[in-house]
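A short write-up of the structure that comes next.
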Amino acid sequence: MIIRKEQMEALRAKMERDFVLRLSQLLRETYPELTANLSQERLVKRVEFGISRARSYGITWESTLGAFVALMFQVAPCFDEHSDIKSILGFSIVPPNERIDLLLKVLAPRQWEEAAHIRCSDVMDEEAWA
């Protein structure tokens, strides 16, 4: 059996869409207070936005992508622009999929509070979260 490139792309797209929908549902169940006022379309856009940001740091595991997106909901859409967080997310000695755990272990409450006030540097990113 030969699988054509188009078939592989269609399968990847379906798997990605399924992941986005599963993660959206998990966020609704886990954070009802943060998602109750969001339409399904808006929630999906936020999840896609978060996954894209996470992947920019080399994150690939669904569990770690989900953790990154959850932090966006809990802390701020662009929490990763905080200098200490950005530094850890770019820390090349630690594999990308292990960096979220490192953040959770080493950051002090003060740093998370600072991250909660970070504004997105790209206006398009802010619009994606609006």
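Heads up: numbering here begins at 1 and tracks the sequence.
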- request: Would you check if Phe79 and Ile118 make a side-chain contact, meaning some heavy-atom pair closer than 4.5 Å?
  value: no
Donor-acceptor pairs are to be reported for all side-chain atoms of residues 98-107 against protein atoms at under 3.5 Å, with residues two or more places apart or in another chain.
{"residue": "Arg99", "atom": "NE", "partner": "Phe91", "partner atom": "O", "Å": "3.1"}
{"residue": "Arg99", "atom": "NE", "partner": "Val94", "partner atom": "O", "Å": "2.8"}
{"residue": "Arg99", "atom": "NH1", "partner": "Tyr57", "partner atom": "O", "Å": "3.3"}
{"residue": "Arg99", "atom": "NH1", "partner": "Leu89", "partner atom": "O", "Å": "2.6"}
{"residue": "Arg99", "atom": "NH2", "partner": "Phe91", "partner atom": "O", "Å": "3.2"}
{"residue": "Arg99", "atom": "NH2", "partner": "Val94", "partner atom": "O", "Å": "2.9"}

task: Would you sort out whether Glu29 and Gln25 count as a side-chain contact (heavy atoms from CB on, under 4.5 Å), showing the intermediate values?
output: CA-CA 6 Å; Glu29 293 168 3; Gln25 182 60 37; 3.0 Å; yes
task: Grab the two heavy atoms, one from Cys120 and one from Pro77, that are nearest each other, plus how far apart they are.
output: SG-CB, 4.3 Å
query: Can any side-chain N or O of Ser87 pair as donor or acceptor with the backbone N or O of Ser83 at less than 3.5 Å?
result: no
- prompt: Where do Leu65 and Ala54 come nearest, in terms of heavy atoms and distance?
  reply: CD2-CB, 3.6 Å
message: Quick check: closest heavy atoms across Ala115 and Ala76, and the distance to 0.1 Å?
response: O-CB, 3.5 Å
task: Give the cluster check for Leu27 versus Leu38: same hydrophobic cluster or not, with ILVMFWY residues linked at side-chain heavy-atom distances below 4.5 Å.
output: yes
- prompt: Restricting to pairs with a member in residues 54-67, which pass salt bridge (charged side-chain N to carboxylate O under 4.0 Å, His left out), not counting sequence neighbours?
  reply: Glu16-Arg55, Arg22-Glu62
field: Backbone N/O of Trp61 and side chain of Asn97: donor-acceptor pair under 3.5 Å
entry: yes
- prompt: Among Arg110, Gln111, His117, which one satisfies side chain to side chain donor-acceptor pair (under 3.5 Å) with Glu114?
  reply: Arg110
Where Leu43 and Phe73 come nearest, the two heavy atoms and their spacing: CD1-CZ, 3.5 Å
- prompt: Counting heavy atoms not belonging to Asp18, are there more than 12 under 6.0 Å from its CG?
  reply: yes
NZ/NE/NH1/NH2 to OD/OE distance under 4.0 Å, Arg53 and Glu48: no
message: Is there a side-chain contact between Met72 and Phe49 in this structure, where contact means two heavy atoms from C-beta onward sitting under 4.5 Å apart?
response: yes
- prompt: What do you reckon, is CD of Glu41 surrounded by more than 12 foreign heavy atoms closer than 6.0 Å?
  reply: no
query: What's the shortest heavy-atom distance between Val44 and Ser24, and which atoms?
result: CG2-OG, 3.8 Å
query: Would a 4.5 Å heavy-atom cut-off, applied to side chains only, mark Ile51 and Phe68 as touching?
result: no
